[in-house]
Q: 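Once you've had a glance at the structure underneath, I'll fire off some questions.
Naming convention: chains lettered A, B, ... in sequence-line order (proteins, then strands); numbering from 1 in each chain.
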Amino acid sequence: MSDSKNIAVLGNFKDPNKIMHAANKVRESGYTDFDIYTPYPIHGLDKAMGVKRSILPYISFAGAMFGLSNAVFLMWWTGAVDYKLNIGGKPFFSVQFGIPIMFELTVLLTGLATFVALWALCGLPKWYSDLQDDAGFKSAVDDTFVLSIFATDQRFSLETTTKFMNEIGADDVRLIEA
Amino acid sequence: MSVENVTQTGQGSSQEHLTSASYQNNPYPVPDSQREPLVLGNPSIHDVTEKIAGIIEGKANAKYWVAVLICASIAGIGFAAIGETVTTGIGVWGSNNTIGWAWDITNFVFWIGIGHAGTLISAILYLFRQKWRTAINRSAEAMTIFAVLCAGIFPVIHTGRPWFAYWLTPYPNQMQLWVNFRSPLVWDVFAVTTYLTVSALFWFIGLVPDLATIRNYVKGKTAKSLYTFFSFGWTGSMRAWHHYEIAYLILAGLSTPLVISVHTIVSMDFATSVLPGWHTTIFPPYFVAGAIFSGFAMVMTLLVIAREILGLKDYITLKHLENMNKIILATGMMVGYAYSMEFFIAWYSGNEYERTVFINRAFGEYWWAYWSMLSCNVLSPQIYWFKKARRNIPLMFVISIFVNIGMWFERFTIISTSLHHDFLPSSWSYYTPTMVEVGIFVGTIGLFLTLFLLFSKYLPVIAISEIKGIMPGSQPVHHHDEEHHH
Amino acid sequence: MKPVNLGGTQFQQNVNKTSIICIGVGIVLAIAGMAMNQASILPAYLVGAMYVIGISVTALFFSALQFLVRAGWSASIRRIPEMLGWFAQFALIILLPILIFRNSFYHGIENIPSKAPYTNTPFFIARVIGYCLFWFWMHRYIIGNSIKQDSMPGDYAPTLKNYKRSAPFVLGYALTITFAAFDLMMALEPHWFSTIFGLYYFAGNFVSTISVITLLFISVYNSGELKGFISKEHMHDLGKLMFAFTIFWTYIHFSQYFLIWYSNLPEETFYYIDRTKNGWEILGWASLFIHFIVPFILLLRQDVKRNFTIVKAAAIIILIAHFIDLSWIIIPGYREHGIEHFDIIALMSAGGMVLFFMGLLLFFTAKRMNSISGIAHNDPFLQESIDLIS
């Protein structure tokens, strides 16, 4: 116990129903610092884990507003303020001809905001994980559901958490140390 | 999918979703042919990984490299022709004063149109919960990006001095000039760059979990580090999936109006003018329908080959191909509707210029382009009224080629017939392409195919995580059933 | 599964009650408006007729479309549009006054020699009768087969027949609704033309039909008659369709308006000039606002599509917007025939006619509940629809 530190207790699942059941149990017993690694999103698992609804849509919306206001400002200022040019008798600025670019810039900025916010919220890119050498964890992007309760959780204790994991049906319950 | 019904705690809506006991077992099973499985051969979740990642890990045979070489050489011809154009000037093209837009813009619209199916499949079919899209969305999205890249070449070289292409963007400069935001051509710049950017982001987001799967699968050191880098360290954390699914939904919701806007704006290059044959109000939806039509045809052309070569027949099944053929038939009817509306209204308007242009379109010097368009786009898909035809692979390959040709001719017809006879008979003219133009166009086909070949070898051609998520037994059964009956 | 008889239920009574109110209020408004301004009789009648025919015929299309795309989600709600579509059979009766008094309804369309081969009265009458016969036929075959399935458990012949027939009928629907829009609305401006006009009429019809279906859905859901068959999931899907197709309508209208605005050609731009002056611009702004902005904001979020109050409000707003939109197309067409300026009286007459006709539509829908099952109980996809999760 000199230089090794407990990181997490891991358990494998293969059945989507069992991992759903387990997620509910973990949440109900008060654990908060845990995660489940799955090869594809499982419908409702996030809710069973008690994950709070993502704030991503608000960031996307902010991006949309930023794009829209920029488009309006850009067209109005360049066309009707900075350099007025009469082209085909068309107005220097009007909402009508502005709509295409207003739309495009709104979409562009929403897309970029969503992209950046997604990775920021996921904490990615991050090319290192404490769990990365575990064989079960590696197969989480293949066909295994891996439940991980982290040692940083207040309720974590090696014995009870391991026992708990076995009770909720995890296979191959193991401790990861660093 | 709503998440509410699957939680055991039933936060509100599990009582809402009533399923009374007597209706639990459907006494009349669905007729076999109506709901075919999406993946054949009943593979396990691990088998999917093996299959798709196996393509990447396996060694490509000589035939593959020969194909890449041939396509790359054709692309090379294109680049040589572009070099000739740029160094000598666009006088090497057949365009003239009367027909200033010819092959270049035809090809631009052609490629942009092809680029629409990918986003349609990934976004619109996603929003409509068409699960069959999962087998084909990845490759269709890849095609979108490659097609838009090919499309972008044409307007840039058409400017004559492509090294000044940045003049198309609004930036503060010494001349204190801004781009003309009243011009549809500037809208094009914004639309196409936005489309390319957002499609690429959407594609990349979709790729990340699959790249993580491949990262853990491949053995080679370089390959591993590359896939590791581009998978961003994705772990499959459900907390990340939660954000991911919302982001995916937002981007799908965003891409749907975007894809429609792009071809709408392309159509406005023509329709905002006052030229008979160009200025007509149905152009925006008509172009969008045509784009979907041509895009699906190109997806069909490539997938028929790819599923054969890559051994993906259990994933890209006849059902998928049949569904795409139905969409080809439907969109073919839509463009047919638009052709007839244009013709009818040209007559109905009583406007002699409109009438002349349309008569000239069908019976003038470019009659062959018009009738090629009509027979390829409207007549040839009619065979898909028959289920047998929709499931006949050689036939669908041929029809998809016809549609590709027909949609090229559609753009050529629109552009050339409206231009070559303008209001002043003394300036009437005729256009024939030069070898340089043919070279550029053929070159873009080579470029497109090269990129697609490279993609099909080095990236997962099927969205692994998505297809896993729709396989039977991959999702939990709804707990509300258990609650009610136990 | 067993048929569900909606006859005599609370739901039927509710629909009946609503229909009586609509008819009563509609008659009062229409008669008052027409008495105050006689010039408003024709436009008001036309608005009402186009409104109700559009919705009832599009209800047939909605049902045919479900067969065409092999939709599973809608099997348990499909009877709502199928009952609405019953009224489409009476299209010819509604259009009869227009056929008889064509010259009063449409001024000058016959006097343009270059268009005469198409616009002459005999051909016009033949065409309109043709559309109505087609709709009659569409109801008979598509809805007829759907009902036939009710009495044939386990034998899917009628449904399979509909799979085959739906495609040609959808095609026929597209053509009839397009040319009906040309003949009955575009003809108000004899010199004006727009290739997108048919699509424009369709877009407004489709979103309005979905709104009517949604309102009936909410009513039957609340009365509990179809408990076990329908759930909030169906409303979620209807809400999504409403959202998508208000945007679609906006897109189509924008395409027409924008291209005409930008090119500014005298032969077509007068259409919008006449509709954006003399007070008519109020209708344009109103239609932009309540046909697009308000429903868009109301329905944007996922979770609100499960909120009865909001979905109901959006559906009602869209139906009002469709009325405003049709009024904007039709009433200014009479600017040289008694209604020079924006006229609230004319709008009132038109609103009265819309209410009256919609009341009739609901009345016949309620009546239809006595004769057919409220659920397509032998549909092969019914279980899939019951189990729907959206």
Side-chain angles (χ1 to χ4, degrees), chain A residues 16-17 19-21 24 35-49 51 54 56-57 60 74-75 78-79 82-83 85 87-88 90 97-98 100-101 103-105 107-108 110-112 114-115 117-119 121-129 131 137-143, chain B residues 1 3-9 11 44-46 49 170 176-178 180-182 186-187 190-191 194 197-198 201 205 209 212-213 216-217 228-229 232-247 250-251 254 257-258 261 265 268 465-466 468-469 473-477 479:
Chain A
N17 294 306
I19 189 71
M20 188 65 88
H21 173 77
N24 277 308
D35 207 340
I36 298 171
Y37 302 96
T38 61
Y40 54 89
I42 294 179
H43 301 306
L45 190 62
D46 42 0
K47 204 150 208 175
M49 287 164 66
V51 177
S54 174
L56 192 72
S60 304
L74 184 68
M75 282 183 286
T78 59
D82 190 48
Y83 201 131
L85 264 181
I87 295 166
K90 294 251 173 324
F97 76 68
I101 287 185
F103 177 82
E104 295 303 330
L105 282 186
V107 169
L108 181 64
T110 316
L112 289 171
T114 309
F115 184 80
L118 167 65
W119 302 123
L121 289 171
C122 294
L124 298 175
K126 178 170 168 265
W127 288 282
Y128 172 82
S129 163
L131 313 175
F137 177 75
K138 279 183 187 167
S139 65
V141 289
D142 177 11
D143 63 347
Chain B
M1 287 290 245
V3 289
E4 284 147 274
N5 298 293
V6 260
T7 52
Q8 267 195 325
T9 44
Q11 295 178 351
S44 73
I45 297 209
H46 178 67
T49 312
Q176 299 195 333
L177 271 172
W178 296 100
N180 175 18
F181 285 112
R182 281 154 282 191
V186 168
W187 308 340
F190 279 79
T194 300
T197 314
V198 174
L201 296 180
I205 289 180
T213 305
N216 288 6
Y217 187 87
T228 305
F229 179 79
F232 274 16
W234 179 264
T235 58
S237 154
M238 199 57 217
R239 291 176 196 276
W241 277 121
H242 173 75
H243 298 299
Y244 180 94
E245 286 203 286
I246 291 172
I250 291 174
L251 282 171
L254 211 57
L258 175 64
S261 82
I265 288 174
M268 285 172 181
S465 68
E466 284 189 45
K468 283 176 182 171
S474 68
Q475 297 292 349
V477 268
H479 283 102

Q: Roughly how far, to the nearest 0.5 Å, is the CG atom of Leu254(B) from the OG1 atom of Thr110(A)?
A: 5.0 Å
Q: Does the side chain of Thr197(B) come within less than 4.5 Å of Leu112(A)'s, by heavy atoms?
A: yes
Q: Could you look at Leu74(A) and say if it's the side chain, the backbone, both or neither that has a heavy atom under 4.5 Å from chain B?
A: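 Both backbone and side chain of Leu74(A) come within 4.5 Å of chain B.
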Q: Given that the side chain runs from C-beta out, which part of Tyr217(B) has a heavy atom under 4.5 Å from chain A: side chain, backbone, both or neither?
A: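 Neither part; nothing is under 4.5 Å.
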Q: Under a 4.5 Å heavy-atom cutoff, which of Gln176(B), Glu466(B), Met268(B), His242(B) has the most pairs with chain A?
A: His242(B)
Q: Rounded to the nearest 0.5 Å, what separates atom OG1 in Thr235(B) from atom CD1 in Ile36(A)?
A: 12.0 Å
Q: With rounding to the nearest 0.5 angstrom, report the OG1 to CD1 distance, Thr114(A) to Ile250(B).
A: 5.0 Å
Q: Which answer fits Ser60(A), side chain, backbone, both or neither, if we ask what part of it has an atom under 4.5 Å from a heavy atom of chain B?
A: side chain
Q: Is there a side-chain contact between Phe232(B) and Cys122(A) (heavy atoms, below 4.5 Å)?
A: no
Q: Gln475(B) versus Ile42(A): any side-chain heavy-atom pair under 4.5 Å?
A: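 Counting from C-beta outward, Gln475(B) and Ile42(A) do come under 4.5 Å.
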Q: Show the numbers, then the answer: is there a side chain to side chain contact (heavy atoms under 4.5 Å, CB included) between Trp119(A) and Ile205(B)?
A: CA-CA 10 Å; Trp119(A) 302 123; Ile205(B) 289 180; 4.1 Å; yes
Q: Roughly how far apart are Trp234(B) CH2 and Tyr37(A) OH, rounded to 0.5 Å?
A: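 That separation rounds to 11.5 Å.
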Q: Check the pair Thr49(B), Asp143(A) against side chain to side chain contact (heavy atoms under 4.5 Å, CB included), reporting the backbone distance first and the verdict last.
A: CA-CA 8 Å; Thr49(B) 312; Asp143(A) 63 347; 5.7 Å; no
Q: For the residue pair Phe229(B) and Trp127(A), categorise the inter-ring angle as parallel (less than 30°), tilted (30 to 60°) or perpendicular (more than 60°).
A: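 Judged by the thresholds at 30° and 60°, the geometry between Phe229(B) and Trp127(A) is parallel.
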Q: Heavy-atom distances under 4.5 Å only: say whether Leu251(B) touches chain A with side chain, backbone, both or neither.
A: side chain
Q: Of the backbone (N, CA, C, O) and the side chain (C-beta and beyond), which part of Leu201(B) lies under 4.5 Å from a heavy atom of chain A, both, or neither?
A: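 Both backbone and side chain.
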Q: Go through it in stages, so that I can follow the logic: the residues are Leu105(A) and Phe190(B), the test is side chain to side chain contact (heavy atoms under 4.5 Å, CB included), and I'd like the CA-CA distance, side-chain angles, deciding distance and then a yes or no.
A: CA-CA 8 Å; Leu105(A) 282 186; Phe190(B) 279 79; 3.8 Å; yes
Q: Just so I know, are the side chains of Trp187(B) and Phe97(A) near enough to count as touching, which here means a heavy-atom distance under 4.5 Å?
A: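 The answer is yes, as the side chains (C-beta and beyond) meet within the 4.5 Å cut-off.
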Q: Given a strict heavy-atom distance threshold of 4.5 Å, which part of Ile246(B) is in contact with chain A: side chain, backbone, both, or neither?
A: both
Q: Using side-chain heavy atoms (C-beta onward) and a distance below 4.5 Å, is Lys468(B) in contact with Asp142(A)?
A: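 Touching, per the 4.5 Å side-chain cut-off.
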Q: Distance from Thr78(A) atom OG1 to Phe181(B) atom CZ, nearest 0.5 Å?
A: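 One finds 4.5 Å between OG1 of Thr78(A) and CZ of Phe181(B).
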Q: By salt bridge (Lys or Arg N to Asp or Glu O under 4.0 Å), which residues pair with Glu245(B), not counting sequence neighbours?
A: none
Q: Taking the side chain as every heavy atom from C-beta outward, state whether Tyr244(B) and Leu56(A) have any pair of such atoms under 4.5 Å apart.
A: no
